[in-house]
Amino acid sequence: MPGPIQSLERAASILRLLAGGERRLGLSDVASSLGLAKGTAHGILRTLQQEGFVEQDPATGRYQLGAELLRLGNSYLDVHELRARALVWTDDLARSSGEAAYLGVLHQQGVLVVHHVFRPDDSRQVLEVGAMQPLHSTALGKVLAAFDPVAHNEAAEGERAALTPRTVTGAAEFEETLALVRAQGWAADLEETWEGVASVAAPVYDRRRMPVGAVGVTGAVERVCEDGAVRPRLVASVRDCARAVSRDLGAGRF
């Protein structure tokens with residue numbers, strides 16, 4: 001069985017050190033506290049800084065934990081609470097809409113499906129919990145990109161592959177799409193990711209009024225849409241579900 005990787009152990013030790021005590025430490029403090037050579041400590045700190053896990057005060061040169069580490073920690077907590085709070089509401093959404101319901105969160109450069117409720121019929125379906133969806137083309141992804149600045153940067157700076165002839169790939173057109181999503185409060189995917197499939201999604205907020213995920217339904221375009229647009233009742237059902245989950249997370253009424 002392979003042993004632990006020393007560089008990762010040292011990086012973890014540095015993060016634990018910065019998480020306690022004075023919180024802000026100089027290079028010499030870090031090196032002496034952990035028994036590392038200054039060059040070794042500096043290399044690890046520089047890598048952690050590049051990844052956003054550590055920040056350096058330009059005036060003092062001291063190091064502290066970075067915002068990316070805090071975001072990852074909050075994401076872990078939010079996902080578990082989010083899924084727990086959404087269970088009943090997404091079950092109701094699938095039942096009332098007649099379509100599969102999904103709950104997604106930002107993960108790396110995509111949308112991670114953390115909960116999936118099957119369409120309430122006898123058709124054969126595959127559980128998609130753990131699946132990744134694109135940020136730029138799916139309804140869940142466009143909601144996150146519209147309301148979450150981190151997701152927006154990932155979608156704007158990443159590759160927007162043309163998955164179908166309807167996929168929006170141009171930067172200006174993509175920003176126009178997100179502006180519309182922000183204005184109306186929900187997003188649609190009309191055969192932009194999979195041909196013959198349409199979806200609609202809305203944002204979920206936590207007690208800080210921060211977007212922590214998106215909830216939506218997906219189904220055959222002929223069921224989800226009417227006259228080339230998402231059926232209004234489905235939009236209303238998805239938005240009601242998103243509001244209910246948000247209220248359970250402490251966001252209140254909005």
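Every value quoted in this text rests on a predicted model; they were computed, and no experiment measured them. We count residues from 1, following the sequence as given.
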Residues which pass ring pair (Phe, Tyr, Trp, His ring centres under 6.0 Å) with His116, listed by chain and number, not counting sequence neighbours:
Tyr102, Phe118
Any side-chain donor near an acceptor of the partner, Thr177 and Lys142, under 3.5 Å
no
If you look only at pairs with a residue in residues 193-203, which of them pass as a salt bridge (Lys or Arg N to Asp or Glu O under 4.0 Å), with sequence neighbours excluded?
none
Take Arg166 and Glu191, measure what salt bridge (Lys or Arg N to Asp or Glu O under 4.0 Å) needs, and give me the verdict at the end.
CA-CA 6 Å; Arg166 293 176 176 266; Glu191 298 187 274; 3.6 Å; yes
Contacts of Asp248 that satisfy side chain to side chain contact (heavy atoms under 4.5 Å, CB included) - sequence neighbours left out
Arg85, Trp89
If you group Ile, Leu, Val, Met, Phe, Trp and Tyr whenever their side-chain heavy atoms sit less than 4.5 Å apart, what else falls in with Val221?
none
Suppose we screen for salt bridge (Lys or Arg N to Asp or Glu O under 4.0 Å). Which residues come up paired with Asp91, at least two apart in sequence or across chains?
none
Side chains of Asp189 and Thr193: donor-acceptor distance under 3.5 Å anywhere?
yes
Salt bridge (Lys or Arg N to Asp or Glu O under 4.0 Å) partners of residues 167-188, not counting sequence neighbours, each pair once
none
Apply salt bridge (Lys or Arg N to Asp or Glu O under 4.0 Å) to Arg233 and list each qualifying residue two or more places apart in sequence or on a separate chain.
none
Going by the salt bridge (Lys or Arg N to Asp or Glu O under 4.0 Å) test, which pairs reach into residues 129-138, not counting sequence neighbours?
none
Between Thr47 (side chain) and Gly43 (backbone), is there a donor-acceptor pair under 3.5 Å?
yes
With sequence neighbours excluded, tell me which residues meet side-chain hydrogen bond (donor to acceptor under 3.5 Å, both in side chains) with Arg239.
none
Quick test of your reading: applying salt bridge (Lys or Arg N to Asp or Glu O under 4.0 Å), list the pairs with at least one residue in residues 105-115, sequence neighbours left out, ordered by first then second residue.
none
Could you list the residues that satisfy side-chain hydrogen bond (donor to acceptor under 3.5 Å, both in side chains) with Ser96, not counting sequence neighbours?
none
Go through the structure and list residues passing salt bridge (Lys or Arg N to Asp or Glu O under 4.0 Å) with Arg223, not counting sequence neighbours.
Glu99
